[in-house]
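Here is the structure we will look at.
Letters A, B, ... mirror the listed sequences (proteins, then strands); counts begin at 1.
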Amino acid sequence: MNIFDIYLDKIKKLVTALNKEKEIEIPESLNGINVDIPPPKFDCDISTNVAMVLAKINKKSPIDLAKQLSGLIKKDDKNIHSINVAKPGFINIKFKGSFWNNFLKEVIDNQKDFGINKKQKKHKYLVEFVSANPTGPLHVGHCRGAIIGDVISNILIFNKHDVVKEYYVNDHGNQIINFTKSVYLRIREILNNEKFPTNDADLYPGDYLIDIAKNIISENKTLKFENFDKISKELTKLSIKESLKMIKLNLNSLGINHDNFASETEIVNNNEVKLVIDELKKDKFVYKGKINAPKGEDKTEWIEREQLLFRSTDFGDDKDRALQKSDNSWTYFASDVAYHNNKLKRKFDILINILGADHAGYIKRICSAVEALSGQKNKLICKVSQLVKLIKEGKPFKMSKRKGDYITVQDLINEVGKDATRFIMLNRSGDAELDFDFTKVKEKSRDNPLYYVQYCYARISSVFRHINKNVSDKIIITNYNFNYSSDEIKLIKKISQWPKCVEVSSNKLEPHRVPIYLYELAADFHSYWNMGKDNKDKRFINKDNKVSNDKIVLLKAISNVVKSGMNIIGVNSPEKM
RNA sequence: GCGCUUGUAGCUCAAUUGGAUAGAGCGCCUGACUUCGGAUCAGGAGGUUGAGGGUUCAAAUCCUUCCGGGCGCACCA
């Protein structure tokens, strides 16, 4: 039950009807009208800007129009206690206690559905995220995008959409060859005591390669490691398998499970690249041409040559993009176009990609390709997860792949824990950089907002324990006619904002709104809880060691919302801490 | 040089998808522990939302010009 939607509908219907009776003028679109949460200082529950939106077209002052409309809104509405007009032209509505009672009944009776955005059409989504190169374990840099992608999926799933979570495995190209070579040299190091060359910049120096090498040796006793060229194909497969094993373990410890791992090699081997480029050629999106060197860059190494290009400038990109390398093999972009064509063939309504900030420059070209292939704008939505600035002991910590010197996901989970990591990474908007102070989070983990929200749930659980019940037990109340105090109504109002939070998070694909909302809800709860110190009437457990039904309903409703919010974020809500 | 992105309190960040007097946490100051769980709460100080211009009844939010961060810029993925 989304009370904002209910009243938005009602107001839109009202003005449309008034328009039919020639009482007022309305614009073509009513989209500007909204019903919102008023700032706390106003003594009202919801507010609408309808009068300000319609004032101009009606040549009336917003205040006058608001007065006229507010009378009509209140008429025949049993739920409204009072309605008044505020300064620029807002109409502010305050509900009766009976309205909030009915609201709580709805929440309790449909606890699993509360918050779900029902007016949205159900879609089939494909969310691609992480897709880190299979050349080693995940490090902290991958973490944020991974969590954002997972929680975006959770929000969509919560809203009953079909979602496939996919990881694109870049198991093709030069990096993989270098990676395989590195594994090979580590194997030689182990078997033949040949020292691993540490001065070759193309090789992967990390210690984890030793583990990969050991595993491959012990699991492939019959394999001979005498000639790289002879076994490179087999070894590539084995190496990728090993590093994917690591990556899956890392993802698992973050609480992330992809539904599907798509392989680049498979797409290339199936000839999908050639097919999709032929298709684009037919529509004249692909041509042979030259691209100019970027201005301001060092041009000494620039070799101008004719190559196969995709006309991404037709879609707003700043240059056309190369599909073939100088050796005539496909570029990464070419096989990614094929991969996205593969996604399109699987008939998803909307494709979502979560990219790291360093790949933001890539968005236009891949969106262009998807638009060219599907004929639809906005078929592919790319969300960027900004950089995580690591700070260790007060100083920025630079990770370097060369030295193999980086904090892995596993380090992070071991020291901070899955739940805290997820909560902190989400507690900021995805397109703002985030400071992650490794030392601070470790030392002061109790100051973490995660615990603040969990503590709210634990306190509620403890009340239920006192009366020998469990928070998650179903409660049956026949008569909802309680008298809630203004402090309690403040809490109920916050509960009523949950569906709005879900709606905005899902429309904008902004998962950070969920933990921020939960923090605010928890704050209101803790504040109310502490009132019980001065005023025993406000305690949940009364003198007879019982909890009255009105309080049970309130606690139950709060715990429902916390629980479903925490489920979306993918963290636990323990009953005891 | 171009493109994307970002600039809000001393610090880290929110801001209901353009709304009302811009809010939290940390830090600082004052208070609440014989506690329904103090991992909590009440209060105080702290702001020209980087700067200018524009659109709007209404701008931190949209447009524009500067300034400052970050990321990226064929033949890597």
Considering every strand and a 4.0 Å limit on heavy-atom distances, what is the contact class for A:His512: base, sugar-phosphate, or nothing? sugar-phosphate
Have a look at A:Lys533 and say if it touches a base, only the backbone sugar-phosphate, or nothing, with a 4.0 Å heavy-atom cut-off. base
Any A:Lys325 side-chain N or O less than 4.0 Å from OP1/OP2 of B:rA77: yes
Using purine N1 to pyrimidine N3 plus N6-O4 or O6-N4 for Watson-Crick, or N1-O2 and O6-N3 for G-U wobble, each under 3.5 Å, what pairs with B:rG3? B:rC71
So A:Glu575, base contact, sugar-phosphate only, or nothing? Heavy-atom distance under 4.0 Å. base
Counting only side-chain nitrogens and oxygens, does A:Asn507 get under 4.0 Å of the OP1 or OP2 atom of B:rU17? no
Can you find a donor-acceptor pair, distance only, under 3.5 Å between A:Asn92 side chain and B:rA20 base? yes
Within the 4.0 Å heavy-atom criterion, would you say A:Arg513 contacts the bases, only the backbone, or no part of the nucleic acid? sugar-phosphate
Just call it for A:Ala322: base, sugar-phosphate, or nothing, with non-hydrogen atoms closer than 4.0 Å on any strand. sugar-phosphate
B:rA74 phosphate, OP1 or OP2: any side-chain N/O from A:Tyr332 under 4.0 angstrom? no
Under a 3.5 Å limit for both distances, which nucleotide forms a Watson-Crick or G-U wobble pair with B:rC36, could you say? none
Would you say the base of B:rA20 stacks on A:Phe90 (centre-to-centre below 5.5 Å, plane angle below 30°)? yes
Let me know the distance between CD of A:Gln497 and P of B:rA14, rounded to the nearest Å. 19 Å
Across the strands shown, which category fits A:Phe42 at heavy-atom distances under 4.0 angstrom: base, sugar-phosphate, nothing? base
NA contact type, A:Glu264, heavy-atom cut-off 4.0 Å: base, sugar-phosphate, or nothing? sugar-phosphate
Determine whether the side chains of A:Gln68 and A:Lys60 contain a donor N or O and an acceptor N or O closer than 3.5 Å. yes
Atom pair distance, as rounded to whole Å: CD1 in A:Ile57 and P in B:rC57: 13 Å
Between CG of A:Leu450 and P of B:rC13 the distance, given in whole Å, is 19 Å
Under 4.0 Å, heavy atoms only, any strand: does A:Tyr362 hit a base, just the sugar-phosphate, or nothing? base
Write down the distance between CD (A:Gln324) and P (B:rA77), rounded to a whole number of angstrom. 13 Å
Test A:Asp171 against every option in A:Asn133, A:Thr236, A:Thr265, A:Thr135 by the side-chain hydrogen bond (donor to acceptor under 3.5 Å, both in side chains) rule and name the one that passes. A:Thr265
Can you classify the ring geometry of A:Tyr332 versus A:Tyr168 as parallel (below 30°), tilted (30 to 60°) or perpendicular (above 60°)? tilted
Kindly confirm whether the side-chain ring of A:Trp529 is stacked on the base of B:rC36, judged by centres under 5.5 Å and planes under 30°. yes
Checking all strands, does A:Lys87 fall into the base, sugar-phosphate, or nothing category for heavy-atom contacts under 4.0 angstrom? sugar-phosphate
Rounded C1' spacing from B:rC13 to B:rG19 in Å: 22 Å
Which one is paired to B:rU8, where only Watson-Crick or G-U wobble pairs with both distances under 3.5 angstrom count? none
RNA chain B: A:Asp431 or A:Asp358, which has the more 5' nearest nucleotide? A:Asp431
With a 4.0 Å limit, can you tell me whether A:Ser462 has a side-chain N or O closer than that to the phosphate oxygens OP1/OP2 of B:rG37? yes
How would you label the contact of A:Lys389 with the nucleic acid (heavy atoms, under 4.0 Å): base, sugar-phosphate, or nothing? nothing
For atom NZ of A:Lys12, decide whether the heavy atoms of other residues, nucleotides or ligands shown that lie under 6.0 angstrom number more than 12. yes
Using purine N1 to pyrimidine N3 plus N6-O4 or O6-N4 for Watson-Crick, or N1-O2 and O6-N3 for G-U wobble, each under 3.5 Å, what pairs with B:rA60? none
Indicate, with a heavy-atom threshold strictly under 4.0 Å, whether A:Ile37 touches base, sugar-phosphate, or nothing. base
Pair A:Phe525 and A:Tyr455, ring centroids less than 6.0 Å apart: no
Rounded to the nearest 0.5 Å, what separates atom CD1 in A:Ile366 from atom CZ in A:Phe310? 8.5 Å
A:Leu434 near the nucleic acid: base, sugar-phosphate alone, or nothing, with a heavy-atom cut-off under 4.0 Å? sugar-phosphate
Between the base of B:rG3 and the side chain of A:Asp318, is there any donor-acceptor pair under 3.5 Å? no
Who pairs with B:rG43 - Watson-Crick or G-U, where each distance is under 3.5 Å: B:rC29
Take A:His526 and A:Phe540, find for each the nucleotide of RNA chain B with the closest heavy atom, and name the residue whose nucleotide sits nearer the 5' end. A:Phe540
Taken to the nearest whole Å, CD1/A:Ile91 to P/B:rG19 is 17 Å
Determine which nucleotide pairs with B:rG18, using a 3.5 Å limit on both distances of a Watson-Crick or G-U wobble pair. none
Side-chain donor or acceptor of A:Ser527 under 3.5 Å from a matching atom on the base of B:rA42? no
Span that lies between the P atom of B:rC76 and that of B:rG1, in whole angstrom: 28 Å
Separation of atom CZ in A:Arg539 from atom P in B:rU40, rounded to whole Å: 19 Å
Please work out whether the ring planes of A:Phe103 and A:Phe114 are parallel, tilted or perpendicular, with thresholds of 30° and 60°. perpendicular
So A:Gln386, base contact, sugar-phosphate only, or nothing? Heavy-atom distance under 4.0 Å. sugar-phosphate
Whether the side chain of A:Asn49 engages the backbone of A:Asn34 through a donor-acceptor N/O pair (distance < 3.5 Å, no angle test) should be reported. yes
May I ask you to say what A:Lys290 touches in the nucleic acid, namely base, sugar-phosphate or nothing, with a heavy-atom cut-off under 4.0 Å? nothing
